[in-house]
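Side-chain atoms are counted along with the backbone in the values below, which use heavy atoms only and exclude waters and symmetry mates.
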Amino acid sequence: MAILLSHIIDEQHLILSNERTLFWENEKTLIVADLHVGKTGHFRKAGIGVPAGVYKDDLHRLLAQILFFKAEKLVIVGDLTHSVANLEMDLFRKWRKDFSTLDVHLVKGNHDILDNRWYEEADITVHNQPLAIHHFLFVHDILKPILKIDPGHYVFSGHVHPGITIRGRGKQSLRFPCFYFTNNHCILPAFSHFTGTYPVELQKGNEIFALVDREIVPIHSRAINELKKK
């Protein structure tokens with residue numbers, strides 16, 4: 001069962017899902033980042049026994065979110081793929097053919113290194129530059145030094161794999177993936193479960209929504225105290 005939380009930016013209705021997706025209701029668009037298709041296969045090829053079911057679960061979750069929200073468009077904010085082509089990418093292309101009416105856009109990330117023909121055959125529109133839809137802008141890495149952003153845009157990015165660290169009694173700590181909102185940008189959690197997280201901190205004026213035990217928890221000082229008890 002999907003756990004949802006409503007969020008408004010500039011009169012645009014966004015729905016946060018505990019499945020690490022963001023649904024832009026006004027545009028019927030599902031937004032995800034950092035799928036890293038092929039990563040588990042890459043590790044297995046290197047002799048590290050990552051179960052194939054890890055990736056299949058990611059693909060199933062993506063399918064379920066598209067159907068749940070009745071999305072007409074999918075925007076991938078970078079790192080759809082992880083490395084060179086392997087069997088997992090073939091599975092993704094098969095999945096893509098089953099949803100041929102879905103309009104899929106990829107803002108290229110640093111891991112998206114496949115030949116252009118692969119994306120063409122998968123019917124994916126690739127953007128080598130930031131993608132603007134109305135006054136929302138989609139980039140892979142908002143922290144990239146050379147990136148120039150029009151201050152009139154609200155930016156959605158990935159790459160960082162944000163996580164919030166909750167420290168409990170003694171030296172115990174837990175880190176949870178999260179959505180990280182500021183007044184001019186949002187950093188999305190990595191969609192793939194087979195990724196690490198980078199620690200971010202709650203700062204004044206920003207909002208963090210942690211994904212905890214299948215729930216979405218708004219992070220403020222009281223929430224942090226509650227999480228410490230878990």
Would you say the ring centroid of Phe23 lies under 6.0 angstrom from that of Phe68?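 Here the rings of Phe68 and Phe23 have centres that are no less than 6.0 Å from each other.
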Quick check: His7 with Phe209 (ring centres under 6.0 Å apart)?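 So the answer is yes for these two rings.
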Less than 4.0 angstrom from a charged side-chain N to a carboxylate O is my criterion; do Lys73 and Glu27 meet it? no
Walk me through it: do Phe156 and His185 pass the test side chain to side chain contact (heavy atoms under 4.5 Å, CB included)? CA-CA 6 Å; Phe156 295 88; His185 72 267; over 6 Å; no
On a heavy-atom basis, which atom in [X] and which in [Y] lie closest, and how many Å separate them?
X	Y	result
Leu16	Ile216	O-CD1, 3.4 Å
Leu211	Ser17	CD2-O, 4.2 Å
Trp24	Ile133	CH2-O, 3.6 Å
Tyr119	Asp115	CD1-O, 3.6 Å
Thr165	Pro199	OG1-CB, 4.2 Å
Asn116	Lys108	OD1-NZ, 3.7 Å

Have [X] and [Y] got a donor and an acceptor in their side chains that come within less than 3.5 Å?
X	Y	answer
His140	Asp79	yes
Thr29	Glu72	no
Asp58	His60	no
Thr182	Asn206	no
His13	Ser6	yes

Tell me, with the steps shown, if Lys97 and Glu121 meet salt bridge (Lys or Arg N to Asp or Glu O under 4.0 Å). CA-CA 10 Å; Lys97 289 180 180 178; Glu121 292 176 352; over 6 Å; no
Compare all side-chain heavy atoms of [X] with those of [Y] and state whether any distance is below 4.5 angstrom.
X	Y	result
Thr197	Pro189	no
Asp103	His105	yes
Arg175	Tyr198	no

Kindly compute the distance separating [atom1] ([X]) from [atom2] ([Y]), expressed to the nearest 0.5 Å.
X	Y	atom1	atom2	value
Phe179	Cys186	CZ	SG	7.0 Å
Leu102	Asp123	CG	CG	9.5 Å
Leu80	Ile124	CG	CD1	5.0 Å
Arg61	Arg20	CZ	CZ	6.0 Å
Leu174	Ile164	CG	CD1	12.0 Å
Leu30	Leu74	CG	CG	5.5 Å

Check whether any side-chain N or O of [X] sits under 3.5 Å from a backbone N or O of [Y] as a donor-acceptor pair, and report yes or no.
X	Y	result
Asn18	Ile3	yes
Arg93	Arg96	no
Tyr154	Asn184	no
Asp213	Glu215	no

In sequence, state the C-alpha distance, the side-chain angles, and the governing distance for His159 and Asn110, and then conclude on side-chain hydrogen bond (donor to acceptor under 3.5 Å, both in side chains). CA-CA 9 Å; His159 184 64; Asn110 54 299; 3.3 Å; yes
Could you go step by step and tell me if His134 and His153 meet the ring pair (Phe, Tyr, Trp, His ring centres under 6.0 Å) rule? CA-CA 8 Å; His134 304 309; His153 283 115; over 10 Å; no
Go through the steps to decide whether Phe99 and Leu67 satisfy the test side chain to side chain contact (heavy atoms under 4.5 Å, CB included), and finish with yes or no. CA-CA 10 Å; Phe99 288 86; Leu67 294 177; 3.9 Å; yes
Applying side chain to side chain contact (heavy atoms under 4.5 Å, CB included) between Leu35 and each of Leu59, Ile76, Thr81, report the one that passes.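 With Leu35 as partner, side chain to side chain contact (heavy atoms under 4.5 Å, CB included) holds for just one option, Ile76.
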Please determine whether side chain to side chain contact (heavy atoms under 4.5 Å, CB included) holds for the pair Thr21 and Ile31, giving the CA-CA distance in whole Å, both sets of side-chain angles, and the decisive distance to 0.1 Å. CA-CA 6 Å; Thr21 67; Ile31 305 166; over 6 Å; no
Criterion side chain to side chain contact (heavy atoms under 4.5 Å, CB included) on Ile9 and Phe181, from CA distance to verdict: CA-CA 10 Å; Ile9 296 178; Phe181 287 89; 3.8 Å; yes
